[in-house]
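Read the numbers this way: they start at 1 and go in the same order the structure lists the ligands and their atoms. Throughout, residue positions are numbered sequentially from 1 according to the sequence presented.
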Amino acid sequence: MKYRSTRGSAAPLAFDDVLLAGLATDGGLYVPETWPRLTRRDIQAIGGLGYADAAVRIMRPFVGRSIAGADLSRLVHEAYATFDHPAVAPLKQLDAGLWLLELHRGPTLSFKDYALQLVGRLFDHILRKRGQRVTVVGATSGDTGSAAIEACRDRSAIEVFILHPRGRVSDVQRRQMTTVTSANIHNIAIEGTFDDCQDLVKALFNDAAFRKQARLAAVNSINWARIMAQTVYYIVAAAALGAPDRKVSFAVPTGNFGNVYAAYAARAMGLPLSRLIIGSNRNDILTRFFTTGAMEMRPVEATLSPAMDIQVSSNFERLLFDAYGREGRRIADVMTEFRAEGRVSFGTARWRSLTRLFAAHAIDDVTTVNVIREVHDATGEIIDPHTAIGIAAARAHRDPAVPTVAIATAHPAKFPEAVETAIGRKPALPAKLADLMTRPERVSVLPNNVDALKDFVAGRIGGKAAA
Ligand SMILES: *Cc1c(COP(=O)(O)O)cnc(C)c1O
């Protein structure tokens, strides 16, 4: 199995090289050259497997010869052993024909764990085989930082530096990062905003000499391996609800388009799906696109669902690649136009064909709080603001004849203030994190200055990165 870039000019790579590369050298994203196919019997068989065995079965063709079968199986089983429900991704019924897929059962309570717990292990495994090390540097305003830290802690081939804006992330989110005091984890509070943190990370990656010397790597949401790992829960959930004999729909609160693209990938592999329903907050560029056909950037607004406060959904490029008949040159052109103009049209016919599968719905913060309250009143379930957006989107677009699964992307305890506004009390942290607020923290404060950051990183990795 080889992967090619959505922009068409980077050389095709095998899975292990794609994993370590992240972005392609032509600025594109990697996609499989051909989709591995699941037959009806495969899907039936998956319905009878535990989560980790299903994951091995689904991911094996994507990994190809890059990792030996027994190693992949061990890494997958280790990754999903860290989750706190025997089903790993349990389904709960909310209403007639409406289900909730709880994807907050991992160590850091967001769906990011389902991909990153595995990706951290895959990185470490491949690097150690190659006798290499990498330095992961990332900026976070929320869930990705803690999920990456938890996935990479104590892995000897990976040194991790995560920047967050000092005083601008919630106590729970900060502590999920800073209470991990493993020697290879470095939390940095930057005197600045989240955008400053992102600019610092970009500046580090743009310094070719530093990038090479420190062997910088990213585990961001455009990494193919994250998409691959996320296809698993869609296939497992659909099989539990009757696939391949019954079609289901999914409703996905969407930011960077990684999660919902994984559902699209599952469909490309042969999973019978009816609709993919996208939920947006006030940053509704995708909902405007699916409603009007125009992709038009607007300034980012802060909302109660910060993981979706995004205007440019990087993974959308992967969907476009298929919509343009896999012609990379044309993707490079439309993406350049979009970056330059802030708006682009992909043509009416292409838009219409996408709307046969995708629907979208946006809600504001007031409605988000109302949905949290209504779901609690009706079912007793406490949901987080992102999940509420998925449920609202499911209600707006679902076909009563088709089982619809709304994705719960985070545990409500990650967003206690919004939940308290809705139901009058804060949700409790799960038992595994009950002492989070009293654990010791370790964090370094740095000015918003790229040289200070370079010195800090170089000082911590010392001679290790050269190995
Ligand atoms: C990352 C995240 C999202 C958005 O997912 P994408 O894959 O970026 O679309 C939604 N909800 C939560 C809680 C998240 O952490």
Side-chain angles (χ1 to χ4, degrees), residues 29 89 100-117 119 138-151 164 169-170 172-173 176-177 194 219-231 233-234 250-266 276-287 289-290 300 303-319 358 360 362-363 368 371-372 382-393 406-416 418-419 427:
L29 281 64
L100 193 65
L101 183 62
E102 286 191 347
L103 297 185
H104 50 66
R105 297 304 194 136
T108 73
L109 314 182
S110 87
F111 84 87
K112 307 274 194 305
D113 289 327
Y114 288 75
L116 284 170
Q117 279 295 313
V119 168
T140 190
S141 59
D143 300 327
T144 307
S146 55
I149 286 170
E150 197 61 50
H164 68 266
V169 297
S170 76
V172 171
Q173 289 188 317
Q176 283 191 296
M177 300 190 282
F194 172 60
V219 289
N220 48 22
S221 84
I222 55 93
N223 198 301
W224 168 258
R226 285 180 63 174
I227 305 285
M228 171 189 79
Q230 289 171 198
T231 63
Y233 45 71
Y234 289 107
F250 287 100
V252 189
T254 296
N256 245 329
F257 209 78
N259 202 7
V260 73
Y261 179 79
Y264 170 87
L276 294 177
I277 306 166
I278 289 165
S280 312
N281 61 24
R282 290 285 298 281
N283 301 290
D284 60 350
I285 182 168
L286 287 169
T287 293
F289 169 71
F290 282 108
V300 178
T303 72
L304 293 178
S305 42
M308 296 157 63
D309 291 349
I310 287 173
Q311 277 294 323
V312 181
S313 303
S314 339
N315 282 290
F316 194 74
E317 181 167 337
R318 289 190 158 113
L319 180 68
F358 290 94
I363 62 172
T368 302
V371 173
I372 297 174
I382 304 180
I383 55 170
D384 100 291
H386 304 79
T387 304
I389 291 170
I391 290 174
I407 305 296
T409 50
H411 191 282
K414 289 195 101 161
F415 302 93
V419 173

Enumerated ligand 1 atoms positioned under 4.0 Å from heavy atoms of [X]:
X      : result
Thr254 : 9 (O)
Ala410 : 13 (C)
Thr409 : 10 (C), 11 (N), 12 (C), 13 (C)
Gly258 : 6 (P), 7 (O), 9 (O)

Practice task
Mind running salt bridge (Lys or Arg N to Asp or Glu O under 4.0 Å) on Lys414 and Asp143 for me, showing each step along the way?
Solution key: CA-CA 9 Å; Lys414 289 195 101 161; Asp143 300 327; 2.9 Å; yes
Among all the protein's non-hydrogen atoms, which is closest to [atom], and how far away is it?
atom                   : result
atom 1 (C) of ligand 1 : Lys112 NZ, 1.3 Å
atom 3 (C) of ligand 1 : Phe111 CE2, 3.5 Å
atom 4 (C) of ligand 1 : Gly255 N, 3.6 Å

Non-hydrogen atoms of [X] and [Y] that approach each other most closely:
X      : Y      : answer
Ala406 : Ile391 : CB-CG1, 3.8 Å
Ser313 : Leu286 : OG-CD1, 3.5 Å
Gly390 : Ala251 : O-CB, 3.5 Å

Could you check whether any side-chain N or O of [X] sits under 3.5 Å from a backbone N or O of [Y], counting only pairs where one atom can act as donor and the other as acceptor?
X      : Y      : value
Asn283 : Val300 : no
Tyr261 : Asn256 : no
Ser305 : Thr303 : no
Thr231 : Ala262 : no

Geometry only, no angles: is [X] polar-contacting ligand 1 at N/O separations under 3.5 Å?
X      : result
Asn259 : yes
Asn256 : yes
His386 : no
Phe257 : yes

Exercise for the section: Measure from atom 10 (C) of ligand 1 to every heavy atom in Pro253, Ala147, Ser305 and give the option owning the shortest one. Expected result: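 When every heavy atom of Pro253, Ala147, Ser305 is considered, Pro253 comes closest to atom 10 (C) of ligand 1.
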Handout entry: Validation row: Leu103, Thr409 side chains within 4.5 angstrom (heavy atoms)
Key = no
Handout entry: Asp143 contact mode with ligand 1 (heavy-atom cut-off under 4.0 Å)
Key =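 It is the side chain that touches ligand 1; the backbone stays farther off.
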